[in-house]
A.B. asks: 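First the structure, then my questions, so here it is.
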Amino acid sequence: MDINEIIKPENLVFKRTELMTDKTLSYCPGCGHGTAHHLIMEVVEELGIQADTIGVAPVGCSVLAYEFMDIDMTQAAHGRAPAVATGIKRLWPDKYVFTYQGDGDLAAIGTAETIHACNRGENIIIFFVNNGIYGMTGGQMAPTTLEGMRSSTSPYGRDLASMGHPIKMTELIAQLPGTVYVTRQAVHKAANVRKTKKAIHKAFEVAKEKKGLAFVEIVSNCNSGWKMTPVDSNIWMEENMFPFYPLGDIKVDGKIVKDLMSDLM
Amino acid sequence: MDINEIIKPENLVFKRTELMTDKTLSYCPGCGHGTAHHLIMEVVEELGIQADTIGVAPVGCSVLAYEFMDIDMTQAAHGRAPAVATGIKRLWPDKYVFTYQGDGDLAAIGTAETIHACNRGENIIIFFVNNGIYGMTGGQMAPTTLEGMRSSTSPYGRDLASMGHPIKMTELIAQLPGTVYVTRQAVHKAANVRKTKKAIHKAFEVAKEKKGLAFVEIVSNCNSGWKMTPVDSNIWMEENMFPFYPLGDIKVDGKIVKDLMSDLM
Amino acid sequence: MSEIRLMKGNEAIAEAAIRAGVDGYFGYPITPQSEILEYLMMERPEERTGMVVLQAESEIAAINMVYGAAGTGKKVMTSSSSPGISLKLEGISYIAGAELPCLIVNVVRGGPGLGTIQPSQADYFQATKGGGHGDYNLIVLAPASVQEMADFVELGFELAFKYRNPCMILSDGLIGQMMEKVEFHEQKERTKDFDQSWATTGKTKDRERNIITSLNLDPELQYEHNLKLQEKYKRMKEDVMFETFNTEDAEFLLVAYGSSARICQKAVDVARSRGQKLGLLRPQTLFPFPEEAIAKLSKRVKGILAVELSAGQMVDDVKLAVNGRIPVHHFGTPGGKIHSPDDVLKAIDEKLLGGF
Amino acid sequence: MSEIRLMKGNEAIAEAAIRAGVDGYFGYPITPQSEILEYLMMERPEERTGMVVLQAESEIAAINMVYGAAGTGKKVMTSSSSPGISLKLEGISYIAGAELPCLIVNVVRGGPGLGTIQPSQADYFQATKGGGHGDYNLIVLAPASVQEMADFVELGFELAFKYRNPCMILSDGLIGQMMEKVEFHEQKERTKDFDQSWATTGKTKDRERNIITSLNLDPELQYEHNLKLQEKYKRMKEDVMFETFNTEDAEFLLVAYGSSARICQKAVDVARSRGQKLGLLRPQTLFPFPEEAIAKLSKRVKGILAVELSAGQMVDDVKLAVNGRIPVHHFGTPGGKIHSPDDVLKAIDEKLLGGF
Amino acid sequence: MAKMRGAIVVDIERCKGCGVCVVNCPTDTIGLSKEVNGKGYHYSYMEYPENCTGCTNCAIVCPDGVITVYRLKVE
Amino acid sequence: MAKMRGAIVVDIERCKGCGVCVVNCPTDTIGLSKEVNGKGYHYSYMEYPENCTGCTNCAIVCPDGVITVYRLKVE
Amino acid sequence: MTEEIIIAGFGGQGVLSMGKILAYAGMMQEQEVSWMPSYGPEMRGGTANVIVIVSDERVSSPVLQSFDTAIILNQQSLDKFESTVKPGGLLLYDPNGISRPPERDDIRVFKVDAAAEAARMSANKTFNMIVLGAYLQLNPIVELENVIKGLKSSLPERHHHLIPANEKAITRGMEIVTKAS
Amino acid sequence: MTEEIIIAGFGGQGVLSMGKILAYAGMMQEQEVSWMPSYGPEMRGGTANVIVIVSDERVSSPVLQSFDTAIILNQQSLDKFESTVKPGGLLLYDPNGISRPPERDDIRVFKVDAAAEAARMSANKTFNMIVLGAYLQLNPIVELENVIKGLKSSLPERHHHLIPANEKAITRGMEIVTKAS
Ligand SMILES: Cc1ncc(C[n+]2csc(CCOP(=O)(O)OP(=O)(O)O)c2C)c(N)n1
Ligand SMILES: Cc1ncc(C[n+]2csc(CCOP(=O)(O)OP(=O)(O)O)c2C)c(N)n1
Ligand code: SF4
Ligand code: SF4
Ligand code: SF4
Ligand code: SF4
Ligand code: SF4
Ligand code: SF4
Ligand SMILES: [Mg+2]
Ligand SMILES: [Mg+2]
């Protein structure tokens with residue numbers, strides 16, 4: 001059978017969402033940011049809420065998210081996306097407002113804004129792409145960098161005693177009464193992509209119900225920062241990141257669904 | 001028996017610690033800050049570590065702590081005391097370094113500095129005086145203000161939906177691996193004062209061992225901010241603050257000793 | 001129908017904001033301006049006009065809430081005092097860079113550092129030269145009365161929207177804490193049909209997506225953007241505002257703004273009563289600065305004394321306007337101390353008249 | 001024994017810091033200066049000299065770590081780039097108010113807002129006029145070569161301790177990212193016998209307790225404190241530093257600092273080769289500003305062109321120094337774009353020579 | 001049986017009359033004076049000195065640290 | 001029995017040759033080309049087109065969204 | 001007419017609201033007014049003072065160093081402000097707690113035993129209104145009806161039943177003010 | 001002598017380190033040098049370029065708009081920098097991937113088939129050394145021994161075994177450079 005018999009409009013089963021612009025993504029080959037972008041836009045498209053959605057881009061590799069997502073977006077100062085989103089949402093309570101942030105952005109400089117937006121239960125969605133490193137600025141150590149992991153500012157590996165512990169922001173904010181749905185996902189494999197998409201759907205549902213904040217962490221690779229090939233980085237991620245940042249729902253409908261204590265200690 | 005027979009040097013059983021200066025405290029009558037100050041200085045005196053102790057004062061009613069504690073002190077910008085203490089401690093690893101902070105200072109503007117000093121496991125002590133309000137600036141709502149509680153910026157009572165939830169910073173930071181000893185105490189009654197003093201002793205011990213951060217919350221009144229008499233405010237505190245901020249040790253020797261999950265939800 | 005009240009300057013700002021149909025206020029308490037947030041919370045503006053008021057977790061959060069909300073085309077504002085404004089400077093630079101209209105109130109107190117909570121004018125440079133990074137300018141209004149605290153809210157938003165530029169009301173603890181009578185306009189409804197063509201309100205099919213950003217990785221684009229900003233700042237000159245007192249026949253001129261101008265007014269009265277031909281120019285806009293008016297006067301008077309509650313900041317702009325034509329002196333009181341009319345008179349005698 | 005290396009400006013600062021016996025560095029990554037922290041981490045200075053290096057959770061944390069550590073009398077520093085420096089301004093105002101010596105490096109990039117990461121000089125006002133609140137000044141050094149990036153670390157600490165005042169190295173992405181050869185002094189031990197009479201090192205029986213604060217609730221005291229600060233800032237004039245090129249017989253003068261001065265040097269060479277009598281004055285200290293030297297030259301030359309990678313900031317100080325004596329023009333390129341020597345030559349022809 | 005007798009000395013000018021000592025005294029020894037001190041506060045004093053056992057409760061809770069306690073064992 | 005036949009179309013100039021699709025294809029359909037595209041990347045292509053079932057795995061994991069998938073039920 | 005007044009005393013004595021009522025009353029009768037308090041945490045338990053200006057003309061400086069009238073309610077304030085009264089001006093004080101009474105003889109010095117009177121009336125809260133009455137007796141710059149309006153505007157609705165008591169206190173103050181020897 | 005060089009190409013082609021080795025070699029022979037890279041995230045997958053100046057005199061401006069030599073490794077860079085070569089100057093390029101070759105006739109244009117040669121040598125990593133060799137053949141501003149020193153200083157110790165291969169690449173580059181038609 002000739003493939004041209006297959007490649008026909010009526011046989012189309014997947015194509016890139018229309019809500020991604022035509023610009024070539026600025027990300028490194030194999031970077032999870034791209035997959036995450038596509039998924040969010042797919043959900044916005046499926047829900048038909050392009051005109052009701054306002055996104056907030058961070059400072060980090062995804063600073064240019066507004067070049068790629070075909071929705072109205074605001075680029076926030078480093079770490080302040082949750083405050084920016086709060087400002088928007090409070091004045092436009094019927095819009096869907098989300099932030100898209102990296103781990104340096106959300107868990108280092110933006111810690112206070114993250115915690116307090118979650119604690120206030122702002123009816124926004126936070127997408128948190130955790131790649132354990134500062135990708136944008138050249139692979140420096142992030143608060144999420146694993147013990148012993150090398151980065152340009154921990155060239156001999158992260159030393160807990162002098163550099164502190166990797167932080168589990170998601171487990172922490174899950175405990176704040178303002179969060180309703182908290183989950184940790186990944187996008188390196190097709191099965192994960194499917195789960196993540198469901199999670200994103202769920203997050204938008206929560207936002208619609210205005211019951212509080214939805215928080216979707218996506219553990220992702222930064223192959224450039226980790227100095228690996230994309231494929232190797234995904235394997236390394238499974239072997240090293242997932243044990244410390246286990247995937248799955250943490251809080252659903254305002255109830256913690258995981259034994260956090262054993263996880264945290 | 002004439003009381004002058006009792007009031008003789010050889011019968012002295014309690015007098016104000018020498019490590020408090022002669023200045024009259026700037027606090028309102030009955031404010032717990034004063035008691036907390038005395039206790040910390042008593043412990044420093046008992047341990048004989050005046051020359052090895054550096055304190056960090058916050059912005060808040062206790063901004064002038066340096067006028068009252070007879071030790072070297074630095075006055076930190078609002079919320080930044082844990083960073084200031086980190087700077088000191090990293091260069092003077094053999095000194096005892098503590099911060100003394102209010103709830104607005106520590107749990108609002110200083111959230112990021114608090115979380116990250118705790119997470120890095122800085123070998124410092126944080127004294128956290130939680131009076132559920134911004135005392136210094138005239139009784140505004142703090143992150144710790146209880147639901148329904150009135151303040152000058154929540155004149156009709158704190159409304160959870162629009163103003164967010166009171167936050168339990170102490171339970172949160174107890175979960176960070178960098179904290180070793182975490183406790184919540186009070187100083188309005190003699191029995192509590194004695195317990196708190198033990199806790200402060202313990203905190204200095206932990207600092208000595210350099211195993212991580214010790215965190216002592218003291219739930220206290222702000223009778224001016226609450227607009228009550230000192231005595232009434234202490235009763236109100238027992239009835240309203242303690243149920244939400246229960247007293248007792250939360251983490252000892254690096255191990256959580258309380259069921260936090262039931263507490264947090 | 002207008003209404004007359006006796007009010008603190010801070011309260012007047014808050015009441016004026018509600019009446020001006022402001023959409024949102026985001027702030028954090030700090031003396032001597034906490035009354036703004038407190039008044040708003042007490043007034044339940046969500047019921048009066050639907051205005052949103054939120055106490056943020058910090059000044060940084062507050063200014064970034066303003067940034068987000070301003071980017072949707074709404075009328076939003078924040079207020080703080082000196083240390084809090086310093087914390088907002090990254091955000092202010094972003095807002096200026098992204099060309100968003102908004103109102104920022106600084107009720108200045110004595111510095112540097114934690115300083116005092118007493119009135120000061122030592123944040124002039126920060127307000128007018130761009131305390132944050134990069135080449136940007138705020139529109140800066142300097143109220144000298146409680147009435148102007150109220151009036152400049154509406155004026156500030158007008159100018160902010162005219163130029164799509166952040167506007168600052170540079171007040172101080174004196175104007176913020178004093179009570180005077182103030183006349184209010186009738187309460188306006190919040191604007192519903194504002195120009196949102198550039199704002200992030202949700203991309204509809206009939207337009208390209210809107211983006212609020214100050215980033216231009218290509219320096220050539222950022223250069224062009226900066227030139228455009230500079231053009232805009234020049235255009236603002238058409239909105240320069242100032243008041244003069246007794247300048248017609250003045251031999252010597254005081255230049256002072258805000259609370260210091262109030263004090264100088266009294267000094268002029270006293271000097272006149274002594275037969276000294278003193279006049280006063282009071283800039284109401286500090287950016288744009290009334291440089292032409294001062295340059296013009298500098299051709300008529302023999303000397304100028306700039307009087308500030310600072311160690312000398314606005315005096316530089318006066319000197320730049322005068323460009324060496326006549327002597328420009330400075331009298332200032334930094335740190336939160338307020339000079340009295342007598343102090344000013346003494347300085348006039350020593351510096352201005354003594355020099356001749 | 002000295003050592004010659006080929007290094008980036010940023011790396012030179014880091015290496016110089018280790019060799020100068022600096023006690024601590026606290027920083028947060030930001031382009032174009034992250035190499036400072038990276039180099040330090042790679043070099044394990046804790047083994048070379050015992051120097052402490054810590055990556056903070058934010059710029060605000062970093063500057064407050066510096067504040068705390070500087071208050072103990074140690075030699076500590078931080079570095080960042082424009083948006084990060086804006087965030088540090090509250091802390092910088094505190095440090096200035098509390099009179100603590102320390103070193104702050106700003107490797108400036110284009111603004112406002114997130115801007116670009118390309119070189120700029122648009123943070124001049126912020127550095128020299130006090131971007132933070134209150135009347136304060138930093139000592140501001142402007143290196144124009146990798147060698148000066150290294151040398152100014154030690155110089156900066158010297159001046160900082162001499163005056164008990166924060167010192168800023170105002171560099172930019174060009175000087176920070178370029179490599180040149182640089183000669184280093186031998187590595188020093190960290191100072192053990194520093195003056196700690198004022199520092200918070202733990203109160204011993206033989207002295208009163210030491211307090212680091214910028215608070216004075218009494219405005220009279222804060223006023224006195226401010227006068228003392230102003231006195232100090234005036235005294236700093238004795239440490240003004242600048243370089244001149246071909247000024248002896250110059251008819252026209254360029255004034256430029258840092259990277260722009262490098263570009264201007266080339267322009268002067270070319271102009272001279274064309275027979276134009278052009279000279280260059282390069283301030284090495286921006287505060288104190290070489291106003292006297294410029295005033296003096298303004299009596300000899302016919303016109304001045306201030307050349308900056310900004311929309312016009314230092315030019316104000318040049319004008320204030322010249323005080324209307326001769327025309328002062330400005331040529332600037334804001335936003336992260338770098339002007340070339342040719343651009344400068346064109347501006348000279350148009351603005352400086354065209355005017356005559 | 002051995003009994004404890006105690007007495008407290010209040011630094012009157014520093015007392016702020018908050019009453020915290022009063023409610024903390026297990027023996028109801030302390031009262032607040034009718035008169036005010038230089039700052040206008042109704043300072044605390046031993047209203048029933050014979051009750052005092054010198055337990056120090058009042059002193060350790062006093063926010064202003066103005067109470068000194070003496071104690072004597074009497075047979 | 002009904003069988004699924006699929007095919008993918010790769011936007012070659014936008015492919016960055018990361019190989020994520022390759023490892024995600026359950027049928028080993030995809031390979032990376034020897035040649036490079038305009039940006040110097042070894043773009044992906046159907047090395048064994050007959051394997052493809054049109055499962056879309058490759059497309060949904062592709063960070064750059066450059067894969068379009070077609071599927072046809074064949075008896 | 002321009003009247004420049006400083007009112008100074010302890011934090012809890014109602015200094016600020018006394019000033020506010022004066023200013024409000026002035027405003028009610030179409031005068032220009034300003035009210036400038038000392039502010040800040042030093043007020044906590046410490047001293048409080050307010051400068052009130054009531055004038056027929058636009059008020060220029062709201063802060064002054066010399067005054068037509070000083071109303072003084074504790075020793076500290078007396079020490080600080082006695083010298084600031086303009087020659088020929090008025091100093092009114094409550095002798096309660098005053099150990100060193102005013103000494104100037106180029107000004108008019110009056111006293112009002114307001115604290116004692118308030119205690120006698122068992123109405124400590126109206127202390128400041130007794131003082132205000134005394135002042136208005138000496139210098140009736142504003143009319144009583146406007147003072148009552150001022151009272152109303154500064155008291156929350158739920159305390160309006162206290163207005164008669166305050167009015168009484170004002171009248172009482174008018175009666176008991178005496179020239180200091 | 002002053003030589004002002006621009007080297008430009010793709011991100012991964014070793015443009016910056018080629019420049020660094022040149023600068024280092026210049027420094028080794030007591031010359032003044034500067035090395036000014038383009039920097040920032042646009043480098044990620046995009047283009048990279050560096051300006052190197054080697055001179056007997058103090059280097060003034062490290063950024064320039066015209067150059068004595070341009071070493072060009074992709075089409076984008078050729079488009080951007082061809083016009084910046086000073087009349088009489090040198091343009092050296094690798095024809096791999098070049099669809100529109102240089103057109104100027106007032107400069108000396110040379111080409112070096114470095115990419116192809118590196119592939120042939122199965123030493124893709126030494127691509128930039130082949131180019132460097134070609135340049136040094138045309139313009140021996142620095143001595144080979146100093147280039148080797150530069151190599152050493154820019155390679156981490158553990159990669160020093162690669163130096164001979166790099167040396168070989170330089171020599172090869174010297175051999176294969178040709179005048180463009
Ligand atoms: C105030 C401020 N500080 C620092 C920076 C520099 N900076 C840009 S991105 C970034 C880190 C980004 O890391 P992350 O949030 O993990 O995002 P990633 O690039 O890894 O996706 C930093 C520190 C900045 N732009 N602004
Ligand atoms: C940057 C900054 N923001 C705000 C303030 C104003 N301020 C001073 S104290 C304070 C709150 C203090 O409350 P808390 O920490 O709870 O201490 P308390 O007075 O209750 O003991 C605030 C907001 C300030 N000084 N600096
Ligand atoms: S640097 Fe890391 S996070 Fe950034 S685009 Fe590359 S792989 Fe992704
Ligand atoms: S205001 Fe509150 S916290 Fe401050 S001193 Fe008074 S009672 Fe204590
Ligand atoms: S607790 Fe202390 S301050 Fe309060 S009344 Fe008793 S003695 Fe006085
Ligand atoms: S010592 Fe004990 S018994 Fe005596 S007064 Fe104090 S609390 Fe009461
Ligand atoms: S995943 Fe996408 S970008 Fe990566 S190789 Fe496959 S098609 Fe190309
Ligand atoms: S559609 Fe499925 S089977 Fe076909 S190439 Fe993609 S992953 Fe492989
Ligand atoms: Mg990251
Ligand atoms: Mg508090």
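Only a predicted model underlies this, so the values are computations on that prediction, with no experimental measurement involved.
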A.B. asks: With a 4.5 angstrom heavy-atom cut-off, could you sort out which part of G:V59 is near chain C: side chain, backbone, both or neither?
C.D. replies: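 For G:V59, the contact with chain C is made by backbone and side chain together.
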
A.B. asks: Give, as side chain, backbone, both or neither, the part of G:Q31 having an atom under 4.5 angstrom from any heavy atom of chain C.
C.D. replies: backbone

A.B. asks: Ring centroids only, cut at 6.0 angstrom: are C:Y257 and C:Y124 within range, meaning strictly under it?
C.D. replies: yes

A.B. asks: Does the pair G:R172/G:E117 count as a salt bridge with the N-to-O cut at 4.0 Å?
C.D. replies: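 Counted as a salt bridge, because a side-chain N and a carboxylate O are separated by less than 4.0 Å.
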
A.B. asks: Identify which one of G:V147, G:I141, G:V50 satisfies the side chain to side chain contact (heavy atoms under 4.5 Å, CB included) criterion when paired with G:L22.
C.D. replies: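 That would be G:I141.
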
A.B. asks: For chain G, which of C:D343, C:I4, C:I175, C:L174 has the most heavy-atom pairs under 4.5 Å?
C.D. replies: C:L174

A.B. asks: Report which part of C:I338 has an atom under 4.5 Å of a heavy atom belonging to chain G: side chain, backbone, both, or neither.
C.D. replies: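 Side chain of C:I338 only, per the 4.5 Å heavy-atom cut-off to chain G.
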
A.B. asks: Determine the option with the most heavy-atom pairs under 4.5 angstrom with chain G, choosing from C:R5, C:M178, C:K8.
C.D. replies: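 Maximum pair count with chain G is reached by C:M178.
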
A.B. asks: With a 4.0 Å cut-off on N to O distance, would you call C:D349 and C:R274 a salt bridge?
C.D. replies: yes

A.B. asks: Check this for me: does any side-chain nitrogen of one of G:E82 and G:R104 sit under 4.0 Å from a carboxylate oxygen of the other?
C.D. replies: no

